There are 2 protein chains.
Amino acid sequence: MEKTFSLSLENKIRSIAAISQESLSMLVQEIQLMHISKNEMLLTEGQFCKHVYFVEKGGIRTFMHNNDMKEINVNFTFDNSFTTELKSLRTSTPSAFFMQALEDTTVWLFEKDVLLALYAQSHEISNFGRSLLEQLLMEQEEHANMFKLQTPAERYQYLYDHQPAMLQRISLTHLASYLGISRETLSRIRRH
Amino acid sequence: MEKTFSLSLENKIRSIAAISQESLSMLVQEIQLMHISKNEMLLTEGQFCKHVYFVEKGGIRTFMHNNDMKEINVNFTFDNSFTTELKSLRTSTPSAFFMQALEDTTVWLFEKDVLLALYAQSHEISNFGRSLLEQLLMEQEEHANMFKLQTPAERYQYLYDHQPAMLQRISLTHLASYLGISRETLSRIRRH
DNA sequence: TCACACCTGTGTCAAAAGTCACAAAATTAG
DNA sequence: CTAATTTTGTGACTTTTGACACAGGTGTGA
């Protein structure tokens, strides 16, 4: 662990909510920088998630096991994005999910208890927390609607159009379960 | 429109976040009560959503049209629950969704601009806003995971086990698109 | 209470996706 | 650089789901 100025993090925070230099300093004062290597776990099933994560560079997949013990990916987080396991974080229960680095990854850790204290001290930080949640919820709703409105081929096309960079960094195997289809079907969709 | 004391609303707010009597009063001071009859629209596609809704009694479905202009239900909200169209509310864009009463329904309206002002005045109200979002996000994540982890029959069984009251109030036709399957398939699943 | 609209169940068939098996290609580790 | 491992592509077959058609049931409003 170390700590260094991060312009990309500062820009990201400012893009989510207007914030003064003072509040920004408070927010990033106690965060920790962490490097994790490809395939290492950021969070394991059963652990308590105590942080909000900001992926500065690299990629994280969030997955769980289904009834057949197959891995099902539920989220991918790449450069300059926030993520967490909200249910575990919020309710202080063991995580049902794993979080694993897809590449060598640099992550800033925002500790839950520190954040809660900061919310009480600064309206700006409180607004930032709420805006971040709003953004995550809108993304999640959009993703959920993909499953109801579109066929598997359309879901793939949607990512192809809206998140082309993601497709370069996620293996077909991992992408398939994220789209709710089998590896073979995705391979055949991609062929055209 | 009228205004009346609502114990169920007060209890709901307190269950989401600890709040003093003073902050609670501020929060409910300007909200409006609205009755809408079965099949009436609470929000129409293209309108700007300007409120967070609390359904005191009754039921609301949120739906949109797919490519074939078929109605796809994306959410149901019944007694004692909050809902809104977050994307429209948050980004001040026209709603992509319709919201319609499934039954004669009583709704409290929380105006967006009033809420934003209150967030700046009271840490407790600000915390309530964040907690409500956290809760909505956890529900949404759980719902999205249903589609990746479970078969249509398992998804129906899940609702049967976790939200039995909902199944009594939603028509099979509406439920089918919510579960991402055809009306006929749901009918056959339900037969056993 | 009667007519009409809407909702639900079901049979038949077609289309889509899953499963299994295995080969080819790509990536990784030593 | 090479062997081992992992990932991807594909064929054959099975299972699941969707689409269409239509009958029977339910509810609603005039």
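Proteins come first, then strands; the chains are lettered A, B, ... in the order of their sequence lines, and each starts at number 1. What you see is a predicted model; the values in this text were computed from it and never measured.
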Take atom CD of A:Glu154 and atom P of C:dA16, then tell me their distance rounded to the nearest Å.
12 Å
Would you mind telling me which residue lines up with the more 5' stretch of DNA chain D, B:Ser182 or A:Arg191, judged by nearest nucleotide?
A:Arg191
Produce the list of close N/O pairs, under 3.5 Å, pairing protein atoms with atoms of nucleotides 24-30 of chain C; give distances to one decimal.
unit_1	atom_1	unit_2	atom_2	d
C:dT28	OP1	A:Lys38	NZ	2.8

To the nearest angstrom, the CG-P distance between B:Leu175 and C:dG9 comes to 12 Å
Determine the interplanar angle of the B:Phe78 and B:Phe76 rings, folded into 0 to 90°, and report it as parallel if under 30°, tilted if 30 to 60°, perpendicular if over 60°.
parallel
B:Thr185 side chain near D:dT17 phosphate (N/O to OP1/OP2, under 4.0 Å)
no
Only one of B:Phe82, B:Tyr119, B:Phe128 passes ring-ring contact (aromatic ring centres under 6.0 Å, His included) with B:Phe110; say which it is.
B:Phe82
Check ion pair B:Glu103-B:Arg169 (N to O, under 4.0 angstrom)
yes
Hey, would you say the A:Phe147 and B:His143 ring centroids sit under 6.0 Å apart?
no
Could you check how far CZ of B:Phe147 sits from P of D:dT17, rounded to whole Å?
13 Å
Stretch residues 163-173 of chain A: residues that reach within less than 4.0 Å of DNA chain D through a heavy atom:
A:Ser171, A:Leu172, A:Thr173
Determine, stepwise, if the pair A:Arg188 / A:Glu184 fulfils salt bridge (Lys or Arg N to Asp or Glu O under 4.0 Å).
CA-CA 6 Å; A:Arg188 286 171 182 128; A:Glu184 294 90 335; over 6 Å; no
List the atom of A:Thr62, the atom of A:Met99, and the distance in Å for their closest heavy-atom pair.
OG1-CE, 3.5 Å
Write down the distance between CG (A:Leu186) and P (D:dT7), rounded to a whole number of angstrom.
14 Å
What integer distance in Å separates A:Arg183:CZ from D:dT6:C1'?
11 Å
Report the distance from atom CG of B:Leu102 to atom P of C:dC7, rounded to the nearest whole Å.
11 Å
Check residues 41-56 of chain A and write down every donor-acceptor pair under 3.5 Å in which the side-chain atom is one partner and the other belongs to a residue at least two apart or another chain.
unit_1	atom_1	unit_2	atom_2	d
A:Gln47	OE1	A:Thr44	N	3.1
A:Glu56	OE1	A:Ser6	OG	2.7
A:Glu56	OE1	A:Trp108	NE1	2.5

Rounded distance in Å - CZ (B:Arg188) to P (D:dT15)
18 Å
What's the spacing between A:Asn66 CG and B:Asn145 CG if we round to 0.5 Å?
11.5 Å
Mind checking the CD-CZ spacing from A:Glu10 to A:Arg14? Nearest 0.5 Å is all I need.
4.5 Å
If you compare every side-chain N and O of A:Arg190 against the phosphate oxygens of D:dG9 (OP1, OP2), does one of them come in below 4.0 Å?
yes
What is the distance from CG of A:Asp68 to P of C:dG18, rounded to the nearest Å?
13 Å
